[in-house]
> 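Take this structure first; my questions come after.
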Protein chains: 2
Amino acid sequence: MTIDSGTPSARDTVDTGGAASARVAAYLRAAILGGELRPGDRIRQEDIAARLGASRLPVREALRMLEAEGLTEHEANKGARVPRLTQHEVEVIYRMRERLEPLALVESLGALAEVDHERLAEVQRRIEENDDLDRFLELDREFHLLTYSGCTIDPLNSMVTRLWNSTQHYRRAYVALGGQSRMWVVNSEHRLILDAVVRRDATDAERFLGGHIRRTRIELGHHPEVFAP
Amino acid sequence: MTIDSGTPSARDTVDTGGAASARVAAYLRAAILGGELRPGDRIRQEDIAARLGASRLPVREALRMLEAEGLTEHEANKGARVPRLTQHEVEVIYRMRERLEPLALVESLGALAEVDHERLAEVQRRIEENDDLDRFLELDREFHLLTYSGCTIDPLNSMVTRLWNSTQHYRRAYVALGGQSRMWVVNSEHRLILDAVVRRDATDAERFLGGHIRRTRIELGHHPEVFAP
DNA sequence: CTGACACCGATTGGATCCAAAATCCAGACT
DNA sequence: AGTCTGGATTTTGGATCCAATCGGTGTCAG
């Protein structure tokens, strides 16, 4: 795992904290999103500090940042863990996504330039050529977050990112179980969204994106084995 | 200003961090929500530490907590400030509330016992008897957050709280300008919501709450002077 | 054999000290 | 006179050390 990584297209969360805190946060973020740290895993401050050659203090700061991003949870005098979610919690998070992400997309539409449209098309092209499951997770995330990148409303951005972070592990488990097998559905929906974005059609963008997330939620509901401990 | 305060009905945000961090966080939270610290104000770590007789470290932790709650914002090597929002940002936050809070209410409905219904009715009664503007802010917040108190989905709870926190100052400015003068509208809407909650009618609850927030957003949009620097 | 209690190791929380970065002001130069 | 540069001051970021708290284990009484 590389140390610099961080979220592919996250313009936020980079400035906050000092240099060391940011390094530690990037390391842990990559470890959790990448699947090395899984829900329920405990994170000991000293372990991380020793591994990265820093003191425990920037680790503490990093854990607080990650908590705000939904990647860790804290309990006083007991430390940090990667949150473990129930099936119902994930379902509600998808319902939150259904409502928030169309809003973020509409806020973003006007600010997206043609360069962004081209980048989006390029990412979608790579999704369709791709056949690696872990790579799909990254590209899909990049596609959607890129469509929101014109949105300047800070709480909206951070909440959308947080919702993606929280469900990342379950998305991985889902595709690993072959759930995302009918890729042509995903691709056709992505193309509808991309088209609406290029046309800057807020109504269509909102409708297609909402439907895309809703379908995913329903299909995920048919696979309770994803949530087995 | 009292030191113990904290958010009236916030079940979350109490466990995290140690004792000193929690005290500092509660102090700052009360100062910001209470209006002593206003948008744009800078928060110097040493000032707070000296004032509360703690070291700077718990202040740093507290500032991180508050950042997650939307009450402060950070910049590396530059410190913390109370965020200043534009009119458009506040409007989008209200749109987020329109979409998220009905969801939180529906998730909460089934878990609310009769005791909660009685407490709600009591709070609403006090709102109708009340004639102090600052007191109205508190009671209104308590009413709504109480209706969501049965919701156990952590990210949903924290996001709803964060949205309330972010707009608290502008709500205050709005009522101070006499914007919330037609209290009978607020009260009739609250009664509709309360009734739907008692009947556990998800459809009505969602509809009335959404309408309540939407009307507030639109009325707020007619008062741009609230957002004057 | 089981349950309660006390002790001890492990881990997090807090305080103090030091380093680095940013801001502010003065002075010189254009 | 205005602007740029340099240093001094202020403020935040990081490291180390010490205290408080939690979890497990072992022991003793019932």
Side-chain angles (χ1 to χ4, degrees), chain A residues 3-4 6 12-29 31-32 37-69 71-84, chain B residues 3-4 6 12-29 31-32 37-69 71-84:
Chain A
I3 211 172
D4 55 282
D12 35 13
T13 75
V14 289
D15 59 323
T16 205
S21 305
R23 271 229 328 279
V24 176
Y27 174 88
L28 286 173
R29 194 180 293 122
I32 297 170
L37 285 172
R38 297 177 22 179
D41 283 359
R42 198 166 164 194
I43 301 176
R44 265 174 285 271
Q45 299 177 357
E46 195 133 19
D47 288 3
I48 310 299
R51 189 166 314 175
L52 296 187
S55 101
R56 268 178 44 221
L57 203 146
V59 177
R60 279 156 74 174
E61 299 246 326
L63 286 173
R64 287 239 168 272
M65 295 188 214
L66 296 178
E67 191 181 9
E69 296 173 32
L71 290 171
T72 61
E73 63 185 2
H74 273 253
E75 212 171 342
N77 297 318
K78 291 186 64 176
R81 315 183 75 89
V82 181
R84 190 200 306 271
Chain B
I3 209 171
D4 54 284
D12 34 13
T13 74
V14 288
D15 60 322
T16 205
S21 305
R23 271 229 330 278
V24 176
Y27 173 88
L28 286 173
R29 195 181 292 121
I32 297 171
L37 286 172
R38 297 179 19 180
D41 283 359
R42 196 166 165 191
I43 301 176
R44 266 174 285 269
Q45 299 177 357
E46 195 133 17
D47 288 1
I48 310 298
R51 189 166 313 175
L52 296 187
S55 99
R56 269 178 43 223
L57 203 145
V59 177
R60 278 157 74 173
E61 299 246 327
L63 287 174
R64 286 238 169 272
M65 296 187 214
L66 296 178
E67 191 181 10
E69 297 173 33
L71 290 171
T72 62
E73 63 184 4
H74 274 254
E75 211 171 343
N77 297 318
K78 291 187 65 178
R81 313 184 77 89
V82 181
R84 189 200 308 270

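Sequence lines set the chain letters: A, B, ... in the order given, protein chains first and strands last, and positions in each chain run from 1.
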> Just how far, in rounded Å, is C1' of dT11(C) from NE2 of His74(A)?
13 Å
> By side-chain contact (heavy atoms from CB on, under 4.5 Å), which residues pair with Arg38(B), not counting sequence neighbours?
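Testing Arg38(B) for side-chain contact (heavy atoms from CB on, under 4.5 Å), a comparison that skips the adjacent residues, returns Asp41(B), His169(B).
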> Using a 4.0 Å cut-off on heavy atoms, which residues in residues 39-46 of chain A reach DNA chain C? List them by number, or say none.
Arg42(A), Ile43(A), Arg44(A), Gln45(A)
> Using distance only, find each side-chain donor-acceptor pair of residues 44-51 of chain B under 3.5 Å and give its atom names and separation, not counting sequence neighbours.
residue: Gln45(B); atom: OE1; partner: Arg56(B); partner atom: NE; Å: 3.1
residue: Gln45(B); atom: OE1; partner: Arg56(B); partner atom: NH2; Å: 3.3
residue: Arg51(B); atom: NH1; partner: Tyr27(B); partner atom: OH; Å: 3.4

> Between Arg84(A) and Pro39(A), what is the shortest heavy-atom contact and its length?
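Heavy atoms only, the tightest pair is CA-CB, 3.9 Å.
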> Specify the closest pair of heavy atoms between Ser21(B) and Glu61(B), including all atoms of both residues, with the distance to one decimal.
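Smallest interatomic distance, heavy atoms only, reads OG-CB, 3.8 Å.
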> Within the structure provided, determine whether Leu57(A) and Leu57(B) are in side-chain contact (heavy-atom separation under 4.5 Å).
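Yes, at least one pair of side-chain atoms sits under 4.5 Å.
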> Check whether any side-chain nitrogen or oxygen of Ser21(B) sits under 4.0 Å from OP1 or OP2 of dG14(C), and answer yes or no.
yes
> Which residues pass the side-chain contact (heavy atoms from CB on, under 4.5 Å) test with Glu73(B), sequence neighbours left out?
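With neighbours one apart ignored, the set is Arg81(B), Pro83(B).
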> What is the distance, to the nearest angstrom, from the CD atom on Glu61(A) to the P atom on dT12(C)?
16 Å
> Which protein N or O atoms sit under 3.5 Å from an N or O of nucleotides 15-22 of chain C?
residue: dA15(C); atom: OP2; partner: Ser55(B); partner atom: N; Å: 3.2
residue: dA15(C); atom: OP2; partner: Ser55(B); partner atom: OG; Å: 3.2

> Please report the closest heavy-atom contact between Ala25(A) and Met65(A), naming both atoms and the distance.
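That closest heavy-atom pairing would be CB-SD, 4.2 Å.
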> To the nearest 10 degrees, what angle separates the axes at the start and end of the helix from dC1(C)-dG30(D) to dT30(C)-dA1(D), five pairs each?
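Both end axes considered, the difference amounts to 20°.
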> Which residues pass the side-chain contact (heavy atoms from CB on, under 4.5 Å) test with Ala20(A), not counting sequence neighbours?
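Scan of Ala20(A) (side-chain contact (heavy atoms from CB on, under 4.5 Å), adjacent residues dropped) gives Pro58(A).
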> Can you confirm whether Glu69(A) sits close enough to Ile32(A) that some side-chain heavy atom of one is under 4.5 Å from a side-chain heavy atom of the other?
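Side chain of Glu69(A) against side chain of Ile32(A), heavy atoms only: no contact under 4.5 Å found.
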> Test your reading of the model: is there a side-chain donor-acceptor pair from Thr72(A) to the backbone of Glu67(A), 3.5 Å cut-off?
yes
